[in-house]
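Only one structure is covered here, and it is reproduced in the block below.
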Amino acid sequence: IGAIKRWRAATGGQGEVDVRCDRARRHADGRAARDGAGTHGTGHVVVQLVEVPRDRLEAEGWHHRAHDAQPRVASGQGGRGGVGGFLTLEDGDGCGGVGGEAVETVELTAGFVFSCTGYYRYDRGYVPDFEGMDDFAGQIVHPQFWPEDLDYQGKKVVVIGSGATAVTLIPSMAPDVEQITMLQRSPTYMVAMPWEDPMTTAAMRFLPDKPAHQLIRVRNALITYSMYMYCRRFPKLSRRTLRGMAKVQLPKGYPVDVHFKPKYEPWDQRLCMIPGGDFYTAVRSGKADVVTDQIETFDENGIVLKSGNRLDADIVVTATGLELVAMGGATISIDGAEQKPGDHHAYRGYMIEDVPNLAWAVGYTNASWTLRIDLTAQAVAKLIELMREKGYTHAYPTAGGQILEDAPLMELDSGYVKRAEGNIPKGSTVQPWVVRHNLVLDAIDARRYDVTEAMVFGTVDAPVQVNA
């Protein structure tokens with residue numbers, strides 16, 4: 001909320017924040033057509049819509065329909081003929097309308113784009129091509145597109161995967177199924193976290209709302225950061241700690257080393273938090289179990305494993321992961337030339353090298369997502385405020401001919417991160433192109449860094465280079 005207030009203050013409190021970008025001396029004039037949940041433009045970038053008031057959409061004939069996606073931006077286009085650019089919103093799911101009907105569109109102009117799409121692809125999840133899936137007589141469900149009428153009462157359910165989705169789905173389904181099994185290829189580090197804790201309860205009871213919130217926020221951030229640093233500095237010790245925490249939660253004699261002892265070091269991949277330890281509760285109850293094996297094939301009645309064992313199932317849930325994309329999967333173009341995010345470096349984690357008037361909000365992988373989002377919103381607000389004060393129409397970060405050494409945008413070895421190489425911007429090893437996942441250092445830098453560092457500013461007629 002604080003970040004939103006600062007953003008609105010810097011942008012004049014306007015209700016919409018969709019935007020089009022000018023790239024140094026060039027003008028943008030174009031329109032967009034949808035592809036996924038985001039978009040971008042040519043001559044200057046046309047990108048992601050952040051907020052459009054519902055009353056404005058309804059006034060222009062847009063009506064929200066139950067279970068339909070909200071109108072979304074497609075792609076943007078621009079040319080050299082004018083100072084404006086366009087975003088096109090499409091009604092419905094963007095797949096050409098129902099029954100071949102034309103998709104309704106509305107155009108919005110933009111001067112700067114703040115893309116708040118995160119980095120997940122929303123129209124498609126990741127599902128491996130398991131052999132024999134078409135032979136399965138039961139129902140296969142991907143959590144990203146959960147059927148509202150799914151009936152799992154008294155059924156045998158297999159959940160493929162061991163990430164956050166699996167460990168939250170299983171305890172919520174366990175009371176109603178006959179049996180539910182988490183099938184994992186390899187174990188994941190899991191940590192049970194309480195829903196409530198004494199400090200939070202006391203702070204909310206005895207302190208005013210604002211200082212209570214600030215105290216709890218700082219406390220949670222420091223605990224998360226300390227846990228991360230402990231795991232990275234002392235991997236062998238932290239492995240024993242996490243194993244011991246799992247062992248305490250599981251039934252006596254449970255094969256902990258088979259199902260809850262990963263081969264990788266803690267935080268090579270994300271730790272999986274279990275709210276209230278309810279996943280372990282489901283395992284202890286006997287309604288949920290864990291199988292560590294690989295899939296050989298599906299057959300009519302379930303899954304055949306490479307070990308020779310099988311899992312019978314009425315429903316299979318493929319909690320097998322997500323796909324990562326930049327800007328909601330939208331296309332970024334500058335003067336008609338497509339700019340692939342994977343070919344560019346990220347500037348301080350929120351702008352893209354040589355792409356003007358475009359910011360991207362992406363959170364931490366090892367701490368609360370909103371901690372970096374708050375810092376990003378402040379940075380974008382400072383940039384826009386400077387542009388308004390100086391009368392600049394465009395700004396973009398540039399390496400100025402410097403050869404940047406590539407580094408990962410996210411410090412994880414997870415499969416979904418490796419699959420995303422080329423789809424998202426890169427980091428580097430030198431500032432301001434280093435993308436850290438360190439909330440303490442980022443919070444310190446946010447109070448002292450130069451907003452003009454490695455940036456090019458200018459107006460439509462006279463670009464100005466500053467500290468590039």
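Residues Leu371 and Thr224 fail the side-chain proximity criterion, which asks for heavy atoms closer than 4.5 Å. Taking 4.5 Å as the limit, some side-chain heavy atom of Pro356 sits within range of a side-chain heavy atom of Ile334. Annotation: side chain of Thr188 is not in contact with side chain of Phe260 (no heavy-atom distance under 4.5 Å). Residues Phe298 and Ile140 are in side-chain contact: their nearest non-hydrogen atoms beyond the backbone lie under 4.5 Å apart. Between Met199 and Leu215, the closest side-chain pair of non-hydrogen atoms falls below 4.5 Å. You'll find the side chain of Asp354 reaches within 4.5 Å of the side chain of Tyr396, heavy atoms only. Between Ile424 and Met327 there is no side-chain heavy-atom pair separated by less than 4.5 Å. Two residues are said to be in side-chain contact when any heavy atoms from C-beta on lie closer than 4.5 Å; Thr376 and Val362 fail this criterion.
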| message | side-chain contact (heavy atoms from CB on, under 4.5 Å) for Leu271 and Leu242? Distances and angles first, verdict last. | response | CA-CA 10 Å; Leu271 266 64; Leu242 293 170; 4.2 Å; yes
| query | Passes side-chain contact (heavy atoms from CB on, under 4.5 Å), Leu324 versus Asn423? Steps please. | reply | CA-CA 7 Å; Leu324 303 189; Asn423 293 340; 5.9 Å; no
| After noting the C-alpha distance and the side-chain angles of Thr181 and Lys156, does the key distance pass the side-chain contact (heavy atoms from CB on, under 4.5 Å) rule? | CA-CA 8 Å; Thr181 301; Lys156 293 180 181 178; over 6 Å; no
| request: Please assess Met351 against Leu383 for the test side-chain contact (heavy atoms from CB on, under 4.5 Å), listing each intermediate value before the final yes or no. | output: CA-CA 11 Å; Met351 294 189 77; Leu383 175 61; 3.6 Å; yes
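Put simply, CE on Met190 and NE2 on His259 are 11.5 Å apart, with the number rounded to the nearest 0.5 Å. The line from CZ of Phe145 to CZ of Arg124 is 9.5 Å long, rounded to the nearest 0.5 Å. One finds the CD1 atom of Ile303 at 13.0 Å from the CD atom of Gln294 (value rounded to the nearest 0.5 Å). Here the CE-OG1 distance, from Met204 to Thr200, works out to 8.5 Å after rounding to the nearest 0.5 Å. Taken from OG1 in Thr320 to CD in Gln144, the straight-line distance is 10.0 Å, to the nearest 0.5 Å. Between atom OH of residue Tyr449 and atom NZ of residue Lys382 there is a gap of 5.0 Å, rounded to the nearest 0.5 Å.
Between the side chain of Ser162 and the backbone N or O of Leu183, no donor-acceptor pair lies under 3.5 Å. Within the 3.5 Å criterion, the main-chain N or O of Ala337 finds a donor-acceptor partner in the side chain of Gln339. Panel note: side chain Trp360, backbone Gly118; a donor-acceptor pair is recorded below 3.5 Å. Side chain of Ser226 to backbone of Ile223: no donor-acceptor contact under 3.5 angstrom is found. Between the side chain of Arg270 and the backbone N or O of Thr365, at least one donor-acceptor pair lies under 3.5 Å. Proximity of a side-chain donor or acceptor of Asn357 to a complementary backbone N or O of Ala395 within less than 3.5 Å is detected. Between the side chain of Asp135 and the backbone N or O of Glu300 there is no donor-acceptor pair closer than 3.5 Å. Under a 3.5 Å cut-off, the side chain of Thr297 and the backbone N or O of Glu131 do form a donor-acceptor pair.
A side-chain N or O of Thr241 and one of Tyr230 form a donor-acceptor pair less than 3.5 Å apart. No donor-acceptor contact under 3.5 angstrom links the side chains of Asp442 and His437, judged on distance only. Donor-acceptor pairing under 3.5 Å is recorded for the side chains of Asn438 and Tyr225. Between the side chains of Arg217 and Ser368, no donor-acceptor pair is found at a separation under 3.5 Å. Between the side chains of Arg239 and Tyr189, at least one donor N or O lies within less than 3.5 Å of an accepting N or O.
More than 12 heavy atoms of other residues, nucleotides or ligands sit less than 6.0 Å from atom NZ of Lys287. Heavy-atom contacts from other residues, nucleotides or ligands closer than 6.0 Å to CH2 of Trp195 number 12 or fewer. Few gaps surround CD on Gln214; more than 12 heavy atoms of other groups in view lie less than 6.0 Å from it. Within 6.0 Å of atom CZ in Arg436, more than 12 heavy atoms from other residues, nucleotides or ligands are found, so the atom counts as buried in its surroundings.
Ring geometry for Tyr152 versus Trp146: interplanar angle over 60°, hence perpendicular rather than tilted (30 to 60°).
Side-chain rings of Trp267 and Tyr364 stay apart, their centers remaining 6.0 Å or farther from each other.
Under a 4.0 Å N-O distance rule, the pair Glu353/Lys426 does not qualify as a salt bridge.
Among all heavy-atom pairs drawn from Met182 and Gly161, the shortest one is CG-O, 3.0 Å. Closest of all the heavy-atom pairs between Lys340 and Glu338 is NZ-OE2, 3.5 Å. What you find for Tyr347 and Glu453 is that their closest heavy atoms are OH-O, 2.5 Å. The two residues Ala288 and Ile170 make their nearest non-hydrogen contact at CB-CG2, 3.7 Å. Between Gly125 and Glu323, the shortest heavy-atom contact is O-OE2, 3.8 Å. Here the shortest heavy-atom pairing between Val316 and Ile160 reads CG1-CD1, 3.7 Å.
Shown here are the salt bridge (Lys or Arg N to Asp or Glu O under 4.0 Å) partners of Arg310, two or more places apart in sequence or in another chain: Asp299, Asp312. Remark: Glu405 pairs with no residue by the salt bridge (Lys or Arg N to Asp or Glu O under 4.0 Å) rule, at least two apart or across chains.
Paired with Pro143 under the rule side chain to side chain contact (heavy atoms under 4.5 Å, CB included), one option of Leu322, Thr168, Leu169 passes, and it is Leu169. A side chain to side chain contact (heavy atoms under 4.5 Å, CB included) with Val435 is found for one member of Arg372, His345, Arg348, Met410 and no other, namely Arg372.
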